[in-house]
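Report on one structure; see the data block that follows.
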Amino acid sequence: MRLKDNYRVGVLGSGKGSNFVALADAVAADPHPPYEIALVLSDVAEAGILIHARNRGIVAEYLAPGPFRTKLDEAAEAAYVAALRKAEVDLVVLAGFMRVLKEQFLSAFTTKVINIHPSLLPSFPGLEAWRQALDHGVKFTGCTVHFVDQGVDTGPIIGQKVVPVIDDDTAGTLHARIQVAEHELYPAVVRALAEGRIAVHGRMTTWRRE
Ligand code: GAR
């Protein structure tokens with residue numbers, strides 16, 4: 001058996017992969033990175049995240065999600081779990097993965113799955129959270145990194161970043177501003193988890209800075 005010498009991260013995404021790029025760039029820029037990205041999986045064969053990963057020499061696979069629109073079917077969930085176990089990941093990072101993960105997956109990686117969501121949870125869970133914020137008329141929104149539980153965007157919150165909504169914002173400009181905040185927050189959280197600086201007590205988490 002291979003002796004593990006580093007904290008290994010598996011990334012799941014369905015889209016363009018800008019959060020993956022932020023994570024990979026943070027690893028590349030660090031002379032002593034506390035984690036490595038071991039594997040990228042996507043439920044979308046042509047997703048940008050797969051191309052970005054392959055361009056960086058990271059193993060990246062499309063795994064078919066099955067017939068449902070918003071979740072993986074049982075066989076697909078088992079395939080995702082098997083691939084992540086084979087890659088010996090310590091943490092599963094959802095970076096724009098647009099399907100809900102069920103019990104079979106979550107029990108395989110208890111308190112080891114995190115997600116980034118483009119609002120200040122518990123406001124605006126679900127799809128297109130930036131558009132929900134704009135439609136509601138809030139003056140501040142942001143992004144949240146949280147542990148994933150059985151609900152939709154309901155797990156214990158690890159970190160948040162506030163982003164202002166400005167008068168002429170469109171859905172596109174607001175999402176772009178939120179993404180700048182995401183690209184700062186997510187690498188910081190993953191680094192802190194890899195360094196053992198985040199603890200969970202029920203719904204509460206603590207984050208020891210450096
Ligand atoms: C991000 O804004 C992320 O917060 C959001 O999808 C985008 C993925 O962008 N996730 C969700 O809405 C999950 N509910 P990316 O592919 O460029 O990282």
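Computed from a predicted structure; not experimentally measured. Just the heavy atoms: all of them, side chains too, but no hydrogens, waters or symmetry mates, feed the values below. Numbering of ligands and ligand atoms starts at 1, following listing order. FYI, the numbering just counts along the sequence from 1.
Nearest approach of T170 to L134, heavy atoms of both residues: C-CD2, 3.5 Å.
From the protein, the heavy atom lying nearest to atom 14 (N) of ligand 1 is H117 ND1, 3.4 Å. If you check which protein heavy atom lies closest to atom 6 (O) of ligand 1, you get G96 CA, 3.7 Å. Among all non-hydrogen protein atoms, the one lying nearest atom 5 (C) of ligand 1 is P118 CD, 3.9 Å. Of all protein heavy atoms, the one closest to atom 15 (P) of ligand 1 is S18 N, 3.4 Å. The protein heavy atom nearest to atom 4 (O) of ligand 1 is E182 OE2, 2.4 Å. With respect to atom 10 (N) of ligand 1, the closest heavy atom belonging to the protein is I116 O, 3.7 Å.
In this structure, E128 does not count as a contact residue of ligand 1, since none of its heavy atoms falls inside 4.0 Å of the ligand.
Listed for the R191 side chain is no donor-acceptor partner under 3.5 Å among the backbone atoms of P34.
For a threshold of 3.5 Å applied to N or O pairs, the pair formed by W130 and ligand 1 contains no separation below that value. The distance criterion of under 3.5 Å between nitrogen or oxygen atoms is met by G17 with respect to ligand 1. Between N115 and ligand 1, a contact under 3.5 Å exists for no N or O pair.
No continuous path of ILVMFWY side-chain contacts below 4.5 Å connects L174 to I116, so the two sit in separate hydrophobic clusters.
Because its NZ or CZ atom is both nearer than 6.0 Å to the ring centre of F68 and within 45° of the ring axis, K71 counts as a cation-pi partner of that residue.
Side-chain polar atoms of E74 and Q104 form no donor-acceptor pair below 3.5 angstrom.
The aromatic rings of H175 and W130 lie parallel to each other, with less than 30° between the two planes, well short of the 60° mark.
Residue contacts with ligand 1 for Q179 involve side-chain atoms from C-beta outward but no N, CA, C or O (heavy atoms, distance under 4.0 Å).
Contact check on R8 versus E88 returns no salt bridge, with no Lys/Arg side-chain nitrogen under 4.0 Å from an Asp/Glu carboxylate oxygen. Here K102 does not pair with E77 in a salt bridge; the nearest charged N to carboxylate O distance is not below 4.0 Å.
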